[in-house]
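Notes follow the structure.
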Amino acid sequence: MNVLLVHPSPLMYSEIFLRLEPIGLERVAAAVRAAGHEVRLLDLQIFGHADFYRELDDFTPHAVGFSLNYLANVPEVLDLARATKQRRPGCFVFAGGHSGSFIADELLEHAAGTIDALVRGEGESITPRLLEAAGDPRLCTLPGVVTLDGAGPAPTMLDDLDRFPPARDLARRRRKYFIGVLDPCASAELTRGCPWDCSFCSAWTFYGRSYRKASPEAAAEDLASIAEPNVFLVDDVAFIHPEHGFAIGRELEKRSVRKQYYLETRCDVLLRNREVFEYWKRLGLHYMFLGLEALDEDALRLHRKRITPSENLKALEVARELGFTVAVNIIADPDWDERRFAIVREWATSVPEIVHLTVATPYPGTEIWHTDSRRLTTLDYRLFDVQHAVLPTRLPLQRFYEELVATQAVINRKHLGLTALREVAGLATRLALRGQTNFLRMLWKFGSVYNRDRQYNDHLRPVTYQMRPPALTTVKPRARDLFVHRVGGPEMAPQVLKRGG
Ligand code: B12
Ligand code: SF4
């Protein structure tokens, strides 16, 4: 079969700071190719819709699979699926990915027959079986597969993370992938899953709170095979088990692999496992993202972050001592008033870290989707990108965006302002001379992307596809009822939570 795998367009956030290779889709591509299919991958973060239609005509795929990690991409994928069926009526159309896994039935309803199957959970093991069964009415009996005829049992987990290393050779124009000064930048995965259970996050519900590791040898081999000098480690929380980090490091040393790395971790993990981060500093780790989320105790408790403000601040000190460049995230609640924004602005300008501000957003698959008593003010998927307010704002909406953008601008001026620019000018020039202009372009884009009017006007766009809102309930769902992947015995079976009105 000719199989075309498609990653949708970038969201607001990635327009500025980063564009990363679709590593999940590359791993699915590896599994599909291993089953003997001809596979092409098209990343619409780089290519346009015209390129997609050209692929449909030139490659004449028998199957097209879309990646739906992000809710905000739902309308685009639904439109592309429809267009695919119009252009190639016999083509088998399917979709999978993180967000898609939580709203499979709703997506199939919107698609009205233009998506043949939704794949819940990890795609590597099931996609080859799905393609084999395409057109068979028993398709919906496969694990994790949902069609208009019904849903199969819970998805099966990949038994071994070493299988199906990402088919990076299929990603075209790879020099377009970057994060900040790491330009160009590849991605790699050392572990999968997260054992914590923050109330706003769906990483743990997707994997059923499981945590798996690649073998140190396979992880190092994969990193050694990467051509780019920089690597983004996509793990939810890096180096939870320090011995795993040390073992990979030793394998990298054996292979003389030297790269610059970016990773994401928790403050308490950094505090507890300081030595492994220190060791990786020597291997080339320079940049890390710490999910701070809030400055005060109450908000941290609400997010169930299981950490205190003083531990967070201590971790920042440790990261500074070790010489890392750190980015942190703060969740802005739509309930914030001018005073709360001012506090965050003041704090953000007083610390050397890069501070990101995202807007609290209940997503399907998270606990707050069911428990936040505030009613959603919009059902437009495109606004569920943690840059828009989808819950009632205390300030008038326009005023909220004014404060949000002003805060982001103050924070960004700290890093992208004239003084900062003078510091990075040499680096930007060196990259430009090598033809790497992603970082340079990023420096000029802030005003056009983070813009009060643009954000407000996004709410006024006509909505073709409406999200199904959560059912109103005061009962906190059981963790296992939120899981996509079933872990443990049958008592852990995820039940599809019925949503509606
Ligand atoms: C790395 C990462 C990023 C990278 C993106 C890398 C990339 N090019 O895709 C960066 C840093 C850019 C990023 C940014 C954002 N992210 Co992010 N990100 C992640 C993270 C931590 C890991 C994703 C990953 O690479 N996993 C490893 C690969 C192997 O897994 P995977 O992609 O899920 O793919 C597997 C399955 O999903 C499935 N699959 C995937 N695609 C397909 C397609 C088909 C056809 C099939 C059958 C199967 C399939 O099979 C794959 C292999 O098993 C996830 C959390 C998580 N644990 O998933 C959040 C997560 C996906 N991100 C999230 C969010 C909110 C964002 C932002 C909006 C945040 C922001 N601050 O603005 C931005 C927007 C990004 C954008 N699209 O522009 C949310 C998604 C929420 C939602 N419901 O939409 C998540 C779930 C984190 C969370 N719990 O809040 N992110
Ligand atoms: S926010 Fe981080 S620590 Fe919390 S559940 Fe999600 S991935 Fe895990």
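In each ligand, atom 1 is the first atom listed, and ligand 1 is the first ligand listed.
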Quick one: side chains of residues 141-154, donor-acceptor pairs under 3.5 Å with protein atoms, not counting sequence neighbours, listed by atom name and distance.
unit_1: Thr141; atom_1: OG1; unit_2: Arg138; atom_2: O; d: 2.5
unit_1: Thr147; atom_1: OG1; unit_2: Asp149; atom_2: N; d: 3.0

Any salt bridge between Arg345 and Glu403, counting N to O under 4.0 Å? yes

Could I get the full list of ring-ring contact (aromatic ring centres under 6.0 Å, His included) partners for Tyr211, not counting sequence neighbours? His241

Distance under 6.0 Å and angle within 45° of the ring axis: does Arg173 meet both against Phe47? yes

If we number the atoms of ligand 1 from 1 as shown, the ones under 4.0 Å from a heavy atom of Glu124 are 52 (C), 53 (O)

Ion pair Glu38/Arg33, N-O distance below 4.0 Å: no

Would you mind running through ligand 2 and noting each atom that sits below 4.0 Å from a heavy atom of Arg266? 3 (S)

I want to know whether Trp369 and Phe102 have ring centres closer than 6.0 Å. no

Side chains of residues 197-204: which donor-acceptor pairs under 3.5 Å do they make with residues two or more places apart or in other chains?
unit_1: Asp197; atom_1: OD1; unit_2: Arg304; atom_2: NE; d: 3.4
unit_1: Asp197; atom_1: OD1; unit_2: Arg306; atom_2: NE; d: 3.0
unit_1: Asp197; atom_1: OD1; unit_2: Arg306; atom_2: NH2; d: 3.0
unit_1: Asp197; atom_1: OD2; unit_2: Arg304; atom_2: NE; d: 3.4
unit_1: Asp197; atom_1: OD2; unit_2: Arg306; atom_2: NH2; d: 2.9
unit_1: Ser199; atom_1: OG; unit_2: Leu302; atom_2: O; d: 3.0
unit_1: Ser199; atom_1: OG; unit_2: His303; atom_2: O; d: 3.4
unit_1: Ser202; atom_1: OG; unit_2: His98; atom_2: NE2; d: 2.8
unit_1: Trp204; atom_1: NE1; unit_2: Cys198; atom_2: O; d: 2.8
unit_1: Trp204; atom_1: NE1; unit_2: Cys201; atom_2: O; d: 3.0

Where on His356 is there a heavy atom closer than 4.0 Å to ligand 1, on the side chain, on the backbone, on both, or on neither? neither

Which ligand 1 atoms are under 4.0 Å away from a heavy-atom of Ile23? 25 (O)

Heavy-atom pairs closer than 4.0 Å: do any link ligand 1 to the side chain of Val386, the backbone, both, or neither? side chain

Just heavy atoms, cut-off under 4.0 Å: does Asn69 contact ligand 1 by side chain, backbone, both, or neither? both

Report yes if some N/O of Ser99 lies less than 3.5 Å from some N/O of ligand 1; otherwise report no. yes

Using a 4.0 Å cutoff against the non-hydrogen atoms of Thr358, which atoms of ligand 1 qualify? 71 (N)

Between Asp222 and Arg168, does any side-chain N to carboxylate O distance fall below 4.0 Å? yes

For Phe232 and Tyr262, I'd like to know if the aromatic rings sit close, meaning centre-to-centre distance below 6.0 Å. yes

Whether Lys213 and Asp235 form a salt bridge (side-chain N of Lys/Arg under 4.0 Å from carboxylate O of Asp/Glu) is what I want to check. no

Applying a heavy-atom cut-off of 4.0 Å, say which part of Leu11 lies close to ligand 1: side chain, backbone, both or neither. both

Pick one of side chain, backbone, both or neither for how Glu189 approaches ligand 1, counting any non-hydrogen atom pair under 4.0 Å. side chain

I need the protein N, O or S atoms closer than 2.8 Å to atom 6 (Fe) of ligand 2, given as residue plus atom name. Cys201 SG

Arg163 with Glu124: basic N within carboxylate O range, under 4.0 Å: no

Going by the 4.0 angstrom heavy-atom rule, the piece of Tyr70 near ligand 1 is both

Does the residue Phe232 have a heavy-atom contact with ligand 1, meaning some pair of atoms that are separated by less than 4.0 Å? yes

Cys201 heavy atoms within 4.0 Å reach ligand 1 at atoms 89 (N)

Hey, is Val234 touching ligand 1 through its side chain, its backbone, both or neither, going by heavy atoms under 4.0 Å? both

Under 4.0 Å between heavy atoms, the region of Phe94 that gets near ligand 1 turns out to be side chain

Pair Arg27 + Glu189: basic N to acidic O under 4.0 Å: yes

Residues Asp105, Arg468: salt bridge by 4.0 Å N-O rule: yes

Would you mind running through ligand 1 and noting each atom that sits below 4.0 Å from a heavy atom of Thr127? 47 (C)

Region of Leu18 that comes within reach of ligand 1 [heavy atoms, distance under 4.0 Å]: side chain

Report, in ascending order of atom number, the atoms of ligand 1 lying under 4.0 Å from any heavy atom of Asp236. 21 (C), 55 (C), 56 (C), 57 (N)

Where Ala167 and Ala29 come nearest, the two heavy atoms and their spacing: CB-CB, 4.3 Å

